[in-house]
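Take a look at the structure below.
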Amino acid sequence: MAFGLYSLLEATILCLNAVCILHEERFLAKVGWAVDQHRGFGEEPGVKSQILNLIRSIRTVMRFPLIGVNIATIIFKLLFG
Amino acid sequence: MDIPPDYIPEKSSQKRRPKAAKGQQHQQNFYNDFDMPNQQSQQFAPNFGQQDMFYGGQGSQVFSPAGYGGQMPNFQQFPGQQLLSDPVTNMAMQYGQVLAGQGKDLVNQNIQQYVASSKLKNYFAVDTIYVGKKLGILLFPFTHTDWSVHHSQDEPVAPRYEINAPDLYIPMMAFVTYLLVAGMVLGTQGRFTPEQLGVQASSALVWLIVELLAFSLSLYILNLTTSLRYLDIISYCGYKFVGMTISLLAGVAMSTSVYYGVLAWFCITLAFFLIRTMKVQVTPQQREDGYSKGAKRSLYFVLAVSLAQPLLMWWLTSYIMLS
């Protein structure tokens with residue numbers, strides 16, 4: 001019940017890690033969640049394509065910062081438990 | 001190291017500064033007269049402090065006409081005089097002021113990117129009438145008829161002039177009041193420690209942030225066009241603290257069943273309030289066929305927001321009320 005701000009931080013880091021792990025070719029294509037091919041201009045993107053866009057952009061943006069943040073968190077956890 | 005009064009300085013071989021202004025004359029007169037240093041300093045100096053004395057000393061050492069046979073004049077006692085009349089010091093002061101102005105602009109710009117302080121100020125532009133009416137609407141929204149926000153030419157509407165505009169004053173005050181009331185209730189149950197205040201505060205804040213993230217994310221995923229900003233969402237998610245506070249007070253004043261009753265009432269009213277308010281603001285995309293896909297999605301979104309509030313109200317207060 002007593003969620004602190006630090007738990008929130010941990011939760012977001014874990015969630016972002018989970019999203020970044022999803023590999024484009026090995027996993028998403030097999031499920032059928034590859035980047036949408038038939039994208040018309042001016043058409044309203046559906047829910048699925050929005051989610052896929054979101055996954056792709058999180059992967060692109062957060063890959064390198066997440067490496068640093070994960071290293072920092074690991075060191076922090078090792079030192080302070 | 002006082003120079004005797006009848007000392008006459010010899011003519012120096014070095015070039016003197018050209019006499020620029022009256023101040024210059026005054027300065028040279030002042031250089032010649034070392035009789036009563038304290039009197040002079042009382043005439044001219046507001047006390048500028050250590051730094052300026054040092055600067056005055058520096059400047060004067062650099063620019064003093066070396067007409068005293070190489071003696072170092074004792075300038076530490078007359079800081080104000082040097083500062084006021086030395087043109088290089090003037091220039092430096094003006095330059096420093098310009099720099100400070102530029103630095104302030106730079107800081108303002110950078111803060112504007114992240115905090116949007118002008119828009120933030122808008123959310124606190126409330127007055128007593130607005131607060132009273134808004135609390136009344138939160139308490140009993142069923143008689144309120146016009147829920148649309150009248151925008152005035154694209155600029156954000158100050159809540160003072162528009163009853164339906166969201167504000168941040170009520171949520172913030174309600175949040176603090178909720179924390180205090182929660183502390184009081186915990187005290188009546190004997191469970192209070194000062195850390196509990198911090199724990200409750202961070203708990204409520206965490207849920208607020210989670211709500212904000214979830215709603216922003218769903219707004220993006222569902223591709224809804226809306227005029228809602230992040231601060232608006234925070235404001236709407238913060239209105240539940242009003243109901244929580246009042247239900248906690250009622251529960252501690254009377255009994256637990258009264259707490260349940262008041263909580264249920266506020267859940268219903270808040271859900272109604274949010275549905276009516278957000279239906280106006282989360283508009284579906286207008287298409288030729290009239291009923292676009294956006295209508296159903298925006299309805300789902302508004303319903304989800306409105307139903308999440310009672311859940312959180314119950315979740316946050318049940319920990320406090322029921323031991």
Side-chain angles (χ1 to χ4, degrees), chain A residues 1-22 24 27-29 31-63 65-66 68-70 72-73 76-77 80-81, chain B residues 179 182-183 186 191-214 216-226 283-289 291-301 304 311-312 314-323:
Chain A
M1 165 58 208
F3 292 130
L5 288 173
Y6 179 65
S7 334
L8 183 67
L9 196 65
E10 272 191 328
T12 46
I13 292 178
L14 285 173
C15 287
L16 288 176
N17 275 334
V19 170
C20 281
I21 290 179
L22 304 170
E24 187 68 49
F27 173 65
L28 290 179
V31 185
W33 275 18
V35 173
D36 42 3
Q37 299 91 357
H38 324 288
R39 184 96 170 268
F41 284 131
E43 278 192 9
E44 168 192 319
V47 175
K48 186 169 147 189
S49 65
Q50 288 285 88
I51 295 183
L52 295 176
N53 256 344
L54 190 65
I55 293 180
R56 193 142 193 263
S57 41
I58 289 182
R59 207 168 46 228
T60 317
V61 170
M62 294 299 288
R63 198 163 252 176
L66 264 186
V69 169
N70 278 333
T73 314
F76 184 74
K77 289 253 175 205
F80 300 115
Chain B
L179 287 178
L186 285 175
R191 286 197 289 163
F192 179 76
T193 64
E195 288 87 28
Q196 280 290 322
L197 276 180
V199 163
Q200 292 301 318
S202 50
S203 234
L205 267 180
V206 158
W207 280 114
L208 203 64
I209 295 178
V210 165
E211 275 187 280
L212 174 68
L213 285 176
S216 308
L217 208 64
S218 26
L219 272 178
Y220 172 75
I221 286 182
L222 297 176
N223 208 24
L224 297 168
T225 53
T226 174
T283 53
Q285 296 164 344
Q286 294 300 320
R287 274 240 203 125
E288 310 87 48
D289 51 3
Y291 277 73
S292 59
K293 285 189 287 186
K296 200 161 82 164
R297 275 184 281 164
S298 71
L299 185 66
Y300 283 159
F301 172 74
L311 279 177
L312 280 171
W314 180 80
W315 178 259
L316 283 172
T317 52
S318 69
Y319 174 72
I320 296 175
M321 198 66 204
L322 316 164
S323 45

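Quick note on labels: first sequence line is chain A, next is B, and so on, each numbered from 1.
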| message | Quick one, B/Trp207 with A/Leu8, criterion side-chain contact (heavy atoms from CB on, under 4.5 Å). Give me CA distance, side-chain angles, the key distance, then yes/no. | response | CA-CA 9 Å; B/Trp207 280 114; A/Leu8 183 67; over 6 Å; no

| field | Side-chain donor or acceptor of A/Gln50 paired with backbone N/O of B/Tyr220 under 3.5 Å | value | yes

| query | Just wondering, do B/Ile209 and A/Leu5 contact through their side chains at under 4.5 Å, heavy atoms? | reply | yes

| note | When every non-hydrogen atom of A/Gly4 is compared with those of B/Ser202, the smallest separation belongs to CA-OG, 4.2 Å

| query | Could you state the interatomic distance from CG (B/Leu213) to OG1 (A/Thr12), rounded to the nearest 0.5 Å? | reply | 8.0 Å

